[in-house]
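To keep things clear, I will list the structure first and then write my remarks on it.
Here is the naming used below: chain letters follow the sequence lines, and residue numbers restart at 1 for every chain. Side chains included, hydrogens not; waters and symmetry mates left out as well; all remaining heavy atoms used.
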2 protein chains.
Amino acid sequence: MSVKQPTLHDVARLAGVSHQTVSRVINSSPNVADDTRKRVQDSINALHYRPNQAARSLITGRSQTLQVIDFDAYYVTPLPPIISIASEKGYKISVSTVKLPDSVHEFRKLMDDSTARQVDGFLLFAMDLTVPKEILDQLCRGAPYVQLGSSPADGVPAVLFDQVGGMRQLMNHLFNMGHKRIAEISGPFTKVDARQRHAVVQDMLHDAGLEPGPWVESDFQILGGYEKALELLSIDRSFTALVCGNDQAAVGAMRAINEVGLRVPDDIAVVGFDDEHFAAYLNPPLTTVRQDFLEQARRGIGYILAKLEDPETPMIREVICPELVVRKSS
Amino acid sequence: MSVKQPTLHDVARLAGVSHQTVSRVINSSPNVADDTRKRVQDSINALHYRPNQAARSLITGRSQTLQVIDFDAYYVTPLPPIISIASEKGYKISVSTVKLPDSVHEFRKLMDDSTARQVDGFLLFAMDLTVPKEILDQLCRGAPYVQLGSSPADGVPAVLFDQVGGMRQLMNHLFNMGHKRIAEISGPFTKVDARQRHAVVQDMLHDAGLEPGPWVESDFQILGGYEKALELLSIDRSFTALVCGNDQAAVGAMRAINEVGLRVPDDIAVVGFDDEHFAAYLNPPLTTVRQDFLEQARRGIGYILAKLEDPETPMIREVICPELVVRKSS
DNA sequence: CGTCGGTTGTTTAACGCTCACATACCCTCC
DNA sequence: GGAGGGTATGTGAGCGTTAAACAACCGACG
């Protein structure tokens with residue numbers, strides 16, 4: 001701020017009205033005569049005046065900012081829709097990530113910091129810990145919040161993807177293709193998503209009366225998928241399908257399968273989860289499950305804004321059904 | 001903010017000191033007696049007091065926030081390093097994207113909005129228009145800014161990747177592999193990066209005395225790469241190497257090549273640009289050029305903070321050399 | 001013609017903090 | 001013992017805005 005910016009008073013002086021009238025104009029209050037409004041508007045334009053948001057926040061307790069807190073620093077795919085929707089509604093997005101060594105402490109610090117900034121609402125993203133409603137209420141200090149895409153504690157507002165439904169579709173697809181021996185590379189059990197998906201795989205194998213194939217826990221990363229797939233293949237090549245915790249792991253696994261001289265899908269069918277951009281263009285294209293992040297952002301932000309408008313808005317707990325995308329890898 | 005938060009005065013009263021002393025403590029000013037400091041600190045903890053950032057900003061004109069403005073809504077890869085580095089330095093990151101129909105207008109609006117929020121600095125990202133220094137100075141209203149990864153106007157601080165150097169390495173690699181007939185799928189000419197990369201390809205072919213192979217402009221997307229590759233292949237299959245504007249296009253192109261019954265790299269070598277996560281795990285793994293976003297974030301933010309500390313800090317114009325990563329696709 | 005409701009505008013007081021300045025105190029040194 | 005210098009604390013103003021109370025005007029109506 002090297003140059004001093006014009007203030008409400010400067011505009012008022014130029015327009016020959018009181019500062020309060022100017023305030024009414026910029027807040028589009030009804031009780032201002034048309035020609036006064038115009039005169040004020042002209043002065044605003046002439047001075048290129050912009051209201052000081054800090055002063056505004058100080059008195060209103062609002063900042064027109066939503067805080068995204070991401071527990072998985074490198075998983076930014078859902079961010080663009082969030083930014084876009086928020087911006088449509090006149091809100092800015094501030095993003096912070098919680099680093100792992102001490103998630104809980106980091107998270108608290110971040111929340112303190114954000115409430116100090118008068119943030120209007122929180123989008124909690126990819127949480128790997130299940131925080132009880134009471135704690136979240138306290139941390140958010142009255143600001144509305146919504147948990148996105150990871151399984152929330154009781155009473156916590158959330159917009160989720162139906163992990164179970166998605167994985168069921170995937171498994172049914174494999175059953176329909178006639179696979180009897182199915183292996184799995186799950187995601188890390190620190191993530192709720194990974195645990196849920198894994199549970200479905202094993203339950204459905206059991207319910208179908210099939211003997212579970214070999215499985216191993218990995219880390220949702222390409223490299224991890226690659227290494228774990230090699231490991232599986234070195235132990236037991238009897239399986240005809242491989243379920244991967246996400247698309248990343250699937251990419252690594254497909255490569256491993258190729259390296260040991262087998263072919264996808266002829267020898268082993270591979271399926272992923274997420275439908276990342278590249279999934280359709282892998283060789284072969286990957287069968288996977290698509291999650292609609294735009295819809296998630298829309299509902300999540302919609303809830304926050306509704307709650308802001310009317311604190312009595314009931315909590316939401318919405319579940320978006322992911323969509324099976326069948327491609328050549330299976 | 002349903003519950004009223006404690007203020008400086010509440011802390012002061014509890015600790016039995018003046019508000020100013022509390023202010024000194026939270027700003028770690030040196031001239032406070034140890035036992036006073038402790039007493040104040042205890043009161044802060046007892047009340048769980050957190051300074052109101054809006055009030056602070058109002059008077060200091062600072063917000064401890066850096067604004068990222070991204071001109072390519074879906075290119076968020078460089079974001080995590082930025083968030084991480086900023087957070088280390090005690091700054092928050094706010095992200096906005098400029099949508100295309102009317103970039104210039106959108107951009108102005110965004111800048112007005114951000115300066116109104118007392119943002120401390122700007123990271124301008126993937127700009128597809130070359131804005132002159134004077135205009136940027138004016139839009140930033142005195143806040144420091146740095147342009148990241150796209151070619152800036154004269155006098156504009158920037159941290160860039162050496163597009164020319166990177167592409168030269170790629171081309172030399174292809175020459176070394178003995179390729180004489182080289183095709184190209186460039187990025188969209190609306191992006192400076194795409195134009196630069198394209199120019200290098202054509203210049204180097206010319207300098208090497210080679211007749212340029214067929215080339216076509218695409219959009220940096222997987223689908224675009226796929227379609228354009230099919231187009232090239234339908235016209236002229238004489239080329240033995242294909243240079244793609246980025247990794248995304250390369251993914252699509254490789255798929256197209258496979259579909260027409262040719263093989264990578266045996267029939268056609270393919271190279272990309274960016275070294276995205278998946279590049280190493282494609283089939284075959286993609287030869288490409290790696291850009292160090294962490295280093296970019298470090299230098300960019302370092303400059304902003306230095307400038308904030310001392311406005312006399314000279315402008316930076318740094319160029320980071322990308323690194324050729326040779327894999328099986330070439 | 002006095003009163004009343006509605007509209008338009010002004011005045012004053014916060015909001016919670018930092019900055020500049022004033023004050024009080026203690027130590028040292030000639 | 002008084003001048004000078006450092007350290008520790010307190011006081012008061014003001015940052016730019018909104019919210020609430022208040023004044024002024026205008027036409028209408030009994």
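- Between D:dT18 and A:Ser23, a contact under 4.0 Å exists linking OP1 or OP2 to a side-chain N or O.
- Among residue pairs with one or both ends in residues 5-55 of chain B, those qualifying as ring-ring contact (aromatic ring centres under 6.0 Å, His included) are B:His9-B:His19; sequence neighbours excluded.
- Legend: residues meeting salt bridge (charged side-chain N to carboxylate O under 4.0 Å, His left out) with B:Lys38, ordered by chain and number and at least two apart, are B:Asp42.
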Letter per nucleotide, 5' to 3', of nucleotides 4-12 of chain D [B base touched, S only sugar-phosphate touched, - untouched; heavy atoms, 4.0 Å]: ----SBBBB
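- Rounding to the nearest 0.5 Å gives a distance of 7.5 Å between CD of A:Glu106 and OG1 of A:Thr97.
- For B:Phe71, the ring pair (Phe, Tyr, Trp, His ring centres under 6.0 Å) partners at least two apart in sequence or on another chain are B:Phe107.
- Heavy-atom neighbours of A:Asp34 CG from other residues, nucleotides or ligands within 6.0 Å: at or below the threshold of 12.
- Distance B:Arg62 CZ to D:dC15 P: 19 Å, rounded to the nearest Å.
- Look at CG on A:Asn27: it is 7 Å from P on D:dA19, rounded to the nearest Å.
- Distance A:Leu58 CG to D:dT18 P: 11 Å, rounded to the nearest Å.
- Here A:Ser63 pairs with A:Ser57, A:Thr65, A:Gln118, A:Asp120 under the side chain to side chain contact (heavy atoms under 4.5 Å, CB included) rule; sequence neighbours left out.
- For the pair A:Gln5 CD and D:dG16 C1', the interatomic distance rounds to 12 Å; values are reported in whole Å.
- A distance-only check finds no donor-acceptor pair linking the side chain of A:Thr21 to the backbone of A:Val17 [under 3.5 Å].
- The outermost nucleotides of DNA chain C lying under 4.0 Å from heavy atoms of chain B, listed 5' to 3', are C:dG16 to C:dA20.
- Atom CZ in A:Arg56 sits roughly 8 Å away from atom P in D:dT17 (whole-Å rounding).
- Within the 4.5 Å cutoff, no side-chain heavy atoms of B:Val146 are placed close to those of B:Leu124.
- For the pair A:Asn52 CG and D:dG16 C1', the interatomic distance rounds to 6 Å; values are reported in whole Å.
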